[in-house]
Every structure is written in C-alpha cells, then in structure tokens.
Amino acid sequence: ADAAMYLAKERGNNTYQFFNGTLHEKIERKILLENGLRNAIQNQELHVVYHPKVILATREIFGMEALLRWKHPVLGYISPAEFIPIAEETGQIIPIGEWMLRKACEQAKQWEDSGFPPLYVAVNVSVRQFQQKDFVEKVTNIIHETGMNPNYLELEITESIIQDIDESINVLKGLQELGISPSIDDFGTGYSSLYILKELPIDIIKIDKSFIDYITEKKDKQMVKTIIELGLSLDLRVVAEGIETEEQLAKLIEYDCKFGQGYLFAKPLDAVQFEQLLLSKINDNI
Ligand code: C2E
Ligand code: MG
Ligand code: MG
Ligand code: MG
C-alpha cells in the first residue's frame, strides 16, 4: 500500500487508472482518513467509551479500559484498528493520545468526586507516544491538571513498543514512580513475550483474546494456564481479554485468573451508560 501511495503521488492523479478499483478506493479512503484525523479533535468527532473490567469470580466491576471512538462526518464510525495505525504513521496519534489520556483522567476524577468507589482506568499508549522524550513529563502534567489518582491509572503498551530496551525500562520506571501501573496488552502475540516479562518493569499482563477464543482446545488451554501461572509467580496482575462465553470464564477461574473483560460482561459503554451500569450494580447490593 505504501508503494502504491508513493506511485500515486509521484505520477499525479491520472495514474489512478493503473490501479484496480479496490486499490483506488483504499487509497482514497486512506487519504480521507489521514486528512480527517487532523481536525478530528477540533471538530469534536472523537469520544471515549469505557469497557468494564471485572473480578471474574464475582463479576464485580473494578475498573475499565478507555477506548477511542471516531465518527468521521462522511464515512461514519471508523474502527480504531483502521485509524490508529494511520494516526501512528502521520504522527496525529501524539495529540490524539494526549487528548484521550486527559479525557479518561478527567472522567475518572469526576466519578471519584461524585462518590463512586475508586475505579482503575486503563488507557492505551501507542509506540510513537511512548517513544517521545518527554512522555513521562507529559503524563505527569496530565495527572496534575486533572487531579486523577495515579495509583488507579494503568497504561497499556504492546510488545511492539520495545525498540530500545534500556530507554523503555527508564520510561516504565518513571511511570511506576508516579504510581502508575504499566500493563502489557495483547500479551503472547509478539515475538518476545518472555524477554519482555524478564526485562521490563511492568505490573499487569493482558492475555490476548486470540488465546481466550480457543481456551477450550487443548493447546490453547495449556498456553493460557501457563501464562497465568507465570504471571502470578512474577507477582503480576493477570487480565484475560475478550471473554465471550461462560465456558471460557469457567476455565479462567479454574486456572486462577482473577481479572478479565469481555462481551460476556458488557460491551464498551459511553460515560453515561457506564455510570448507569455502576449505579444499577450498587443498587443490586443494597
Ligand atoms: P485493545 O487495546 O487490545 O482493546 C481491546 C479491544 O477488544 C477493543 O476493541 C474491545 O472493544 C475489544 N473487545 C474486548 N472484549 C471483547 C470481546 O469479548 N469480544 C470482542 N469481539 N471484542 C472485544 P476496539 O475498541 O475496537 O479497539 C481495538 C484496538 O484499537 C485496541 O485493542 C487498541 O489497540 C486500539 N485502541 C483503541 N483505543 C485506543 C487509544 O485510545 N489509543 C491507542 N493507542 N490505541 C487504541
Ligand atoms: Mg488495550
Ligand atoms: Mg488487547
Ligand atoms: Mg487487541
């Protein structure tokens, strides 16, 4: 796709005739998205949804993962799986990621102020954000500005983040010193999962959905069991991601996994819906 983009730019618009319709459409769409992302914050097209995280044994909500949503004025909702990589390429992920972190912290603080029990908030951090020289400083500022309690903040990074291991260790330590819990997202899908566990100061691993999907099959069952044991033996919090069935839940509980999230419990919710869910749970217990 990059080569095609290059060619299209190099030869001018009339070269589009060389591409089949699908490729042409793909390129046009990408350009639309690239341009759209530049104004997305300003045009108030971005919002945050919250995916509940639960204690598996009791299904009690103890926190949530903040997830970005973008409604393009012409194309409608675009999946983060499509627009996050584009935002990474163009660098727009830097302002967007900061906006996202600030929003999530503001919301957490607001819920705390209105008397809800403290909730753990997880925010995804992209490679490009993480590699900024002043990343820890930026996070520090957002915490101070919003008043969010950093002990309840989790930052999710993926294994692909690790380009410079020493630098990564420093950044993660810096976050931990602030009270923040670094978390490895999509754990097990990278090439260096064990190396990462060995080298990096982290507090949480999130077992990727692809393992949970097949947890009832022999090989995946053993993998999940082993990941949980390994995580627990290293004093990490182990979170299972993408739980969709009672059967998957039962297996995870059997293997001593304490935490999870997935459509079995709830879909990502906007702030109002999330608050209603919390209130309904509290009322159930009265
Ligand atoms: P992720 O961080 O691994 O987030 C989990 C994704 O799995 C979310 O999709 C969530 O809605 C989905 N999910 C959770 N449980 C289930 C389930 O039981 N079934 C199914 N089918 N899906 C489930 P979403 O919101 O589409 O996000 C996709 C990815 O986009 C995220 O994966 C993350 O890598 C990225 N992303 C989303 N928001 C942000 C953000 O603010 N910043 C960055 N850098 N990346 C983000
Ligand atoms: Mg995540
Ligand atoms: Mg994940
Ligand atoms: Mg994922």
Side-chain angles (χ1 to χ4, degrees), residues 33 37 40-41 45-54 56 59 61 63-71 77-108 120-132 135 138-139 142 153-161 181-190 193 196 202-215 224 227 237-249 252 259-270 273-274:
L33 296 183
L37 275 173
I41 297 179
E45 293 162 12
L46 298 178
H47 66 271
V48 186
V49 291
Y50 300 91
H51 196 211
K53 286 192 182 180
V54 304
L56 295 181
R59 304 189 186 206
I61 298 172
M64 66 281 205
E65 176 175 11
L67 295 160
L68 195 54
R69 293 292 176 264
W70 179 29
K71 192 175 182 187
Y77 276 103
I78 313 291
S79 160
E82 183 176 9
F83 74 78
I84 297 281
I86 298 176
E88 282 261 338
E89 268 177 54
T90 61
Q92 281 303 311
I93 194 67
I94 303 273
I96 290 174
E98 267 170 57
W99 177 89
M100 178 70 187
L101 181 60
R102 182 170 284 112
K103 277 280 163 201
C105 290
E106 277 169 1
Q107 184 61 73
Y120 286 86
V121 185
V123 179
N124 295 282
V125 173
S126 81
V127 186
R128 195 96 176 230
Q129 274 177 286
F130 187 83
Q131 285 170 343
Q132 293 171 97
F135 179 64
K138 281 183 168 172
V139 174
I142 291 175
L153 182 60
E154 304 170 351
L155 292 183
E156 298 189 1
I157 59 173
T158 57
E159 295 172 33
S160 62
I161 244 158
S181 303
S183 169
I184 301 291
D185 203 351
D186 306 336
F187 184 80
T189 59
S193 306
I196 282 191
I202 53 165
D203 296 301
I204 302 164
I205 51 174
K206 294 184 73 179
I207 308 175
D208 192 65
K209 180 178 186 306
S210 59
F211 294 102
I212 310 302
D213 285 343
Y214 301 101
I215 193 173
V224 173
I227 293 173
R237 280 173 266 164
V238 181
V239 180
E241 185 168 66
I243 306 168
E244 291 181 345
T245 69
E246 294 288 347
E247 208 179 1
Q248 293 166 351
L249 174 63
L252 287 163
F259 311 107
Q261 61 188 110
Y263 291 179
L264 176 64
F265 312 106
K267 291 227 167 138
L269 305 167
D270 66 33
Q273 294 168 322
F274 190 89

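As the structure lists them, so they are numbered: ligands from 1, and atoms in each ligand from 1.
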(message) Could you check whether Lys206 and Gln261, counting side-chain N and O atoms only, form a donor-acceptor pair closer than 3.5 Å?
(response)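 Indeed, the side chains of Gln261 and Lys206 share at least one donor-acceptor pair under 3.5 Å.
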(message) Can a side-chain donor-acceptor contact be found between Glu159 and Ser193 if the only test is distance below 3.5 angstrom?
(response)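 Their side chains do contain a donor-acceptor pair, which is all the 3.5 Å distance test asks for.
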What do you reckon, does [X] have a nitrogen or oxygen under 3.5 Å from a nitrogen or oxygen of ligand 1?
X	result
Asp186	yes
Leu68	yes
Asp185	yes

For [atom], state which one of [options] supplies the nearest heavy atom.
atom	options	result
atom 31 (C) of ligand 1	Leu101, Val49, Leu67	Leu67
atom 33 (C) of ligand 1	Asn124, Thr189, Ile243	Asn124
atom 18 (O) of ligand 1	Phe83, Trp70, Tyr263	Tyr263
atom 25 (O) of ligand 1	Arg69, Glu65, Lys267, Gln261	Arg69

List every atom of ligand 1 that sits less than 4.0 Å from any heavy atom of [X], numbering the atoms from 1 in the order shown and giving each element.
X	result
Lys209	17 (C), 19 (N), 20 (C), 21 (N), 22 (N)
Met100	41 (O)
His51	14 (C), 15 (N)
Glu244	17 (C), 18 (O), 19 (N), 20 (C), 21 (N)
Gly262	15 (N), 18 (O)
Pro268	11 (O)

(request) Applying ring-ring contact (aromatic ring centres under 6.0 Å, His included), name anything that partners Phe265, two or more places apart in sequence or on another chain. (result)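 Checked Phe265 against ring-ring contact (aromatic ring centres under 6.0 Å, His included); zero matches.
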(message) Please determine whether the number of non-hydrogen atoms from other residues, nucleotides or ligands lying under 6.0 Å from atom CD of Glu247 exceeds 12.
(response)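 No, the 6.0 Å shell around CD holds no more than 12 heavy atoms from other groups.
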(request) Report yes if some heavy atom in the side chain of Gln248 is under 4.5 Å from a heavy atom in the side chain of Leu264; otherwise report no. (result)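 Side-chain contact under 4.5 Å: no.
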(message) Between Lys209 and Glu244, is there a side-chain heavy-atom distance shorter than 4.5 Å?
(response)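 Glu244 vs Lys209: side chains touch.
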(message) Using modelled atom types and a 3.5 Å cut-off, is there a donor and acceptor pairing between side-chain atoms of Gln273 and backbone atoms of Asp270?
(response)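 Flag set: sc Gln273 to bb Asp270 pair under 3.5 Å.
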(message) Please check this pair: side chain of Asp208 against backbone of Phe211, looking for a donor-acceptor N/O pair closer than 3.5 Å.
(response)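 No; zero donor-acceptor contacts below 3.5 Å.
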(message) Could you report the tightest heavy-atom contact between Ile212 and Glu241, atom names first, then the distance?
(response)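 Here Ile212 and Glu241 meet closest at CG1-O, 3.2 Å.
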(message) Show the nearest heavy-atom pair for residues Thr189 and Ser210, with the distance to one decimal.
(response)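 Shortest heavy-atom separation between Thr189 and Ser210 comes out as CG2-OG, 4.1 Å.
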(request) Indicate yes or no: does Glu98 engage Arg128 in a salt bridge with an N to O separation below 4.0 Å. (result)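 No, no charged N to carboxylate O under 4.0 Å.
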(request) Taking only Lys NZ, Arg NE, NH1 and NH2, and the carboxylate oxygens of Asp or Glu, determine whether Lys53 and Glu154 approach each other closer than 4.0 Å. (result)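 Result for this pair is yes, salt bridge flagged.
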(request) Take the angle between the ring planes of Phe130 and Phe135 and call it parallel below 30°, perpendicular above 60°, tilted in between. (result)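 Phe130 and Phe135: tilted rings.
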(message) Just to be careful: counting only protein atoms that are N, O or S, how many fall under 2.8 Å of the Mg ion (ligand 2)?
(response)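 Excluding waters, the total comes to 4.
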(message) Using heavy atoms and a 4.0 Å limit, tell me yes or no: is Gly242 in contact with ligand 1?
(response)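 It does; at least one heavy atom falls under 4.0 Å.
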(message) Quick check on Lys206 - does any of its heavy atoms sit under 4.0 Å from an atom of ligand 1?
(response)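 No, Lys206 has no heavy atom closer than 4.0 Å to ligand 1.
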